[in-house]
There are 2 protein chains.
Amino acid sequence: MLVHQQKDIPTLIKDTGLVETRRRQIVQAAVDLFIQKGFHKTTTREIASRANFSIGTLYEYIQSKEDILYLVCEFIHSEMEKQVKEAIKPADTGRDTLKNAIDRYLRVCDRMQDHILLIYRETASLPGDSISYVLKNEARITGMFEDILTRGKDDGTLKLRHHRGITLIAHNIAVLGHMWTFRRWFLKKAFTLDEYIELQTSLILNELSSHNGAGPP
Amino acid sequence: MLVHQQKDIPTLIKDTGLVETRRRQIVQAAVDLFIQKGFHKTTTREIASRANFSIGTLYEYIQSKEDILYLVCEFIHSEMEKQVKEAIKPADTGRDTLKNAIDRYLRVCDRMQDHILLIYRETASLPGDSISYVLKNEARITGMFEDILTRGKDDGTLKLRHHRGITLIAHNIAVLGHMWTFRRWFLKKAFTLDEYIELQTSLILNELSSHNGAGPP
DNA sequence: CCTCACTGATTGAGCGCTCGTTCATAATAG
DNA sequence: CTATTATGAACGAGCGCTCAATCAGTGAGG
């Protein structure tokens, strides 16, 4: 049984907060260990002992090791989404919102480098039916950028040369953040985070400005 | 002992091609299995039997399971580099070369989707001192784009607004290809490969054209 | 042409160990 | 005392890797 298919929690009492508390402890312990050693090389015993209880107890709150991985992925995505959302103010223009959101997003990615790598590495180890849940979480983050781009298009502060540009650029932005984490060994040699944000933002905004920039023939 | 530190091949005969043949067989078998089940869930016995020999023989040609992963990563990168290089003609302008190279690169990424994902997932499982070898292979591919951009800057067919734009854009291009593979579930809903190539190429070339496109204030 | 010792390549049963998971038992709370 | 939660020894399947035994090819001696 998988965690995201909330079904058979053994007792009623368990539903009054203890399950959630314990699962939070499990996730916290597991995130650290998975980042450090990867999912496969981390043992359930290690997770339990870092969460300060025994394997027996661990298995009261999950059904399998893979459940832990699912909880971890869920946690990371929801954490990222929450933090980026804070930078979105409905009062701003689309263009300003985009600038702020990109800035916040890239800083969140920088702070959560290891978490992002973790998701890239271990998503494939999830049981088949959990993978689509995790992909949907990823899609929600891209969706936030799509929404902002749409707003900018509607209020006239952002121009699009191609009608399907919104989807593509939203994905491009989402990937910029990941790129900063999985190419950090290269990129940090050449750029500080602030420089990276400034340059990439300028590339994006340049594309979304009102030129009809046609190059030489 | 690691494979990339060529040292103690037991006999002379082994060096006359048999080692290379066997290793090619090992890599071929391992690539398939790693793509299908991942590195950790693939057993050495499976690799041996798919390569049509026994575990004993397998261990005559490698020192550890991780050696196989190293050989696989090396193979994938060299295969990609080789194929992209074919699209680079020294006679063309920088701009034309860039167009051709992006086209070829994205098509190679499309063909080698699973291989690219494999590298993202399993690089972390390499022994620490092998990781840097694999990163260097990745850097060589980005380096090809840097060279092309430099050529275009020198022959005047490509314009750069920022002096460090070459490095950044080269990385951006390299990541475009990977993005097509690890976001295929989203992107293939919206774009065909040809559309994706066309749109992304147009974004890149637009940036490298001779406008000084400054948007609204 | 046969024999047989020699060599390097191949085999796969088996070793030692780890890990995910379970469950009888103990501790604790109400 | 009862109900709930926690424990960790025990289980058994599976793994990477080894190595004594075997096979197949070669060529010198008769």
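Below, read A as the first sequence line, B as the second, and so on, with proteins coming before strands; counting in each chain starts at 1.
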**OP:** Would you tell me if any nitrogen or oxygen in the side chain of B/Tyr61 comes within less than 4.0 Å of OP1 or OP2 on C/dT10?
**Re:** yes

**OP:** Evaluate the criterion side chain to side chain donor-acceptor pair (under 3.5 Å) for residue pair B/Glu198 and B/Thr201; output intermediate values, then yes/no.
**Re:** CA-CA 5 Å; B/Glu198 197 193 312; B/Thr201 305; over 6 Å; no

Original post:
Which residues satisfy the ring-ring contact (aromatic ring centres under 6.0 Å, His included) test with B/Phe39, sequence neighbours excluded?
Top reply: B/Phe34

**OP:** Spell out protein contact along nucleotides 15-20 of chain D as letters: B when the base is contacted, S when just the sugar-phosphate is, - when no protein heavy atom is under 4.0 Å; keep the 5' to 3' order.
**Re:** BBBBB-

Original post:
What integer distance in Å separates A/Asp67:CG from C/dG20:P?
Top reply: 13 Å

**OP:** Could you tell me which non-hydrogen atom of B/Cys73 sits nearest to which non-hydrogen atom of B/Ile119, and how far apart they are?
**Re:** O-CD1, 4.2 Å

Original post:
Any Lys/Arg nitrogen of B/Glu81 or B/Lys85 sitting under 4.0 Å from an Asp/Glu carboxylate oxygen of the other?
Top reply: yes

**OP:** Report the residues that fulfil side chain to side chain contact (heavy atoms under 4.5 Å, CB included) with B/Glu138, sequence neighbours left out, ordered by chain and then residue number.
**Re:** A/Arg183, A/Phe186, B/His77, B/His178

